[in-house]
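Accompanying notes for the structure given below.
By convention in this document, chain letters (A, B, ...) are assigned in the order of the sequence lines, proteins followed by strands, and residues within each chain are numbered from 1.
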Amino acid sequence: MDERLLKPYDPKKTESKIYKLWEKSGFFSPDVCMEKGIVKPDAESFSVVLPPPNVTGYLHTGHALMLVIEDIMIRHARMKGLKTLWLPGTDHAAIATQSKVEKLLEKEGIRKNDIGREKFLKRVEKYALDSHDTIVNQAKIMGASLDWSREAFTLDEKRNIAVKTAFKRMYDDGLIYRGNRMVNWDPKGQTVISDDEIVYEERKSKFYTFKYGPFEISTARPETKFGDKYVVMHPDDKKYKGWKHLQKIKLEWINGPIEATVIKDEMIDMEFGTGVMTITPWHSHEDFALAEKYKLEKEQIIDKYGRLLPIAGEFAGMKISEAREKIVEKLKTKGLLVSIDENYVNRVATAERSGGMIEPQIMLQWFVDVNKKIPSRDNKSLKELMLEPVREGKIKIIPSHFEKVYFNWIENLRDWCISRQIWYGHRIPVWYRKDEIYCGIEEPAEKDWVQDEDTLDTWFSSGLWTFSTLGWPEKTKDLETYHPTSVLETGHDILFFWIARMILMSQYLLGEIPFKNVYLHGMVRAADGKKMSKSLGDKAIDPLDIIEKYGNDALRLAMIIGNTPGNDLKLNENDIRGYKKFANKIWNASRFVFEQTKDLDISTLPSLDEEDKASDKELQNLVTEISKEMNEFRFSIVAEKLYHYFWHTFADIVIERSKAKILKNQNASSAKALLFTHLRTLLIVLHPFMPFVTEEIWSIFPNHKNLLIVESWPKYK
RNA sequence: GCGCGGUUAGCUCAGUUGGUAGAGCAACCCGUUUACACCGGGAAGGUCGGGGGUUCAAGUCCCUCACCGCGCACCA
């Protein structure tokens, strides 16, 4: 009897040892599996790219869930003999990482502008590297069977070439353009952000109504009203039928008399407020659109630091927050204030990362045109290229109801603003010389060219992830073998940010889909249902603490059983404790089997009696069932069935029955053979779910040829 | 406002094409029979959110209402 079996199963002693064994074997790499004859050269491939964790610290329970689900898929595929690649990497996460480091520097009393771009970037890179090391180390503790030999980083040299190549192609095709357009300016982070990076917060604010000539207008933002010289009403509004479109009126406003123009447009909601509003085209998406429609003048009121410009007269230079009440006071003195609603609730746009209040501005930025027809892609637009594969079922989203959400997002999609005024990230590959502009992979050779100061939205490089990691733009063997990837598994919160952008990039640059299946997992919540936030650094449950306490296999089962795609998971310590017992149950059952079968000649197993044949058949049926369910990604149900079968059929029935047979020496050989084959099969099918305890038992298994990680998945009908 | 998801045993949740409800944990009773007390045996527990419909048959399909959660849009 192996000494290890004399004590209860000890995950702590076992897990790191087992992971090292796997790493040493090289089986995480499909190339090694082929060299060693475990995978046939003509085998089908199964590939997954790891959604690269941000290098902003450490892994949380959400990452753990992702690693568990993907590791299960990968281990299963590998055991089925597929050419299996799980490719790791990390994401530089431009804004997220930069603002994290800025906050750290703040504590030292340093601002990034004090030390300059170069020095600051050094600090960020150091931080990113440390985070990377922590993350890789954690992923290993979690048992992820990733092919580390192919590891990538969204901001490394190879990925930079991919980014520049992608940018240039899109630029040459007219899909990337530079223009003055309405963008979301974050005065706190001092950068533009995309529509998707906005978080809306409900806030109670004052809602003022003022006299505006013969009209009354309402606003929550009096400080933007200096330049308002257009007053808009609905053409069908009977209250204002006396006024004509483009009619001029003179009126007294904040800083004296002005001339305003009446605009009649159907965008107005007659029922809201007084049914009349003035517009501020420079600082509102909707007003901008209206101004474009009627070719109205646009004036900037607020600068990029959130201060009022000279147009504000005596208020110029003031911060918005400071100016607001003073402006209201002045209007009141002039007798133009009608009322103040103190209980008005509106949604305030804030920046996801910095928390700053978004100030829409017209700015010169870089955009991706999502509506332009692309000749090289059958005159389809990027929008169409994103819609098509999902609509046609080439890309399957699990659970399928997210397809509707996806379509809805694309239909409302505006051009994607990709330039950012931050330092950390891929620099825009564009150079300027007076009025000339040059876009290229390399810096122009001649003198006097100055590169664009801005960097790219981090999702631009993430969008290339399925193929930039496989060597694109080079035509590599990896790219040919593993792209499109089999599954993209990630949280549903980045459906738009990432999944949509990957489809965009792959469809446009490669003319093929990036992945065949999208498996969306839910958010991991604490037992009380509260969100375990990733960006706030809230370590409600640290996956590593759980592993320390209960072992990896237990955590895995707790994350899989009862967790279906798209639904949130409440992580409950009781469950984890229960699955720790299960790992021990497997351990003890194995001890019994090994004890009872040590005299068994496993080269010629004895035949089974009728009763045992029936049990054997039952297991075969189970294997058939779960094999099908594995292929449909129904991991929750498979894990539950295996748990139940092992405990309540194998342990409670098969083992118990064998005791009597062996004791009485009636059909003892049949019972022993059944114990042996049952345990063997169960260890194999349990392995993707509980890799550590099964691999450890496998190492004690008589006559095992290789590691369990590369053992063949049992045949099924 | 538009859309999506949820509502099943005390708790957490499964339940694939419709065929008279399942698991884990908790609680209850019995048991220390040498793989395992990180255990075994037994019993209990649900008119599947409300209402209506289709069907021989509905947790499962359709309509409707309520509550919870989420996404998107608007907010002068």
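- Distances shown here put a side-chain N or O of A:T564 below 4.0 Å from the OP1 or OP2 atom of B:A14.
- As judged by a 4.0 angstrom heavy-atom cut-off over every strand, A:Y643 is placed among residues touching the sugar-phosphate backbone only.
- Contact annotation: A:W647 side-chain N/O to B:G40 OP1/OP2 distance is under 4.0 Å.
- Contact check, A:K581 against B:C36: no side-chain N or O comes under 4.0 Å of OP1 or OP2.
- The gap from the P atom of B:G5 to that of B:G45 amounts to 34 Å, rounded to the nearest Å.
- Contacts of A:H285 with the nucleic acid, taken as non-hydrogen atoms under 4.0 Å apart, are absent.
- Straight-line distance between the P atoms of B:C13 and B:U8: roughly 10 Å, to the nearest whole Å.
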Problem - Chi angles and distances behind the side-chain hydrogen bond (donor to acceptor under 3.5 Å, both in side chains) call for A:T564, A:N567 - result: CA-CA 6 Å; A:T564 43; A:N567 286 326; 3.0 Å; yes
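- Within a 6.0 Å radius of NZ in A:K396, no more than 12 heavy atoms belonging to other residues, nucleotides or ligands are found.
- A:K229 and A:E259 make their closest contact through CB-O, 3.7 Å (heavy atoms, listed as atom of the first residue, atom of the second, distance).
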Practice task
For RNA chain B, produce a single dot-bracket line, 5' to 3'. Pairs: Watson-Crick or G-U wobble, both distances under 3.5 Å. Symbols: ( ) within strand, [ ] crossing, | other strand, . unpaired.
Solution key: (((((((..((((........))))..((((.......))))......(((((.......))))))))))))....
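- The aromatic rings of A:F650 and A:H678 lie parallel to each other, with less than 30° between the two planes, well short of the 60° mark.
- Side-chain nitrogen and oxygen atoms of A:N567 include at least one within less than 4.0 Å of the OP1 or OP2 phosphate oxygen of B:A14.
- For the OP1/OP2 pair of B:C39 and a distance below 4.0 Å, the side-chain nitrogens and oxygens of A:K585 include no atom meeting the criterion.
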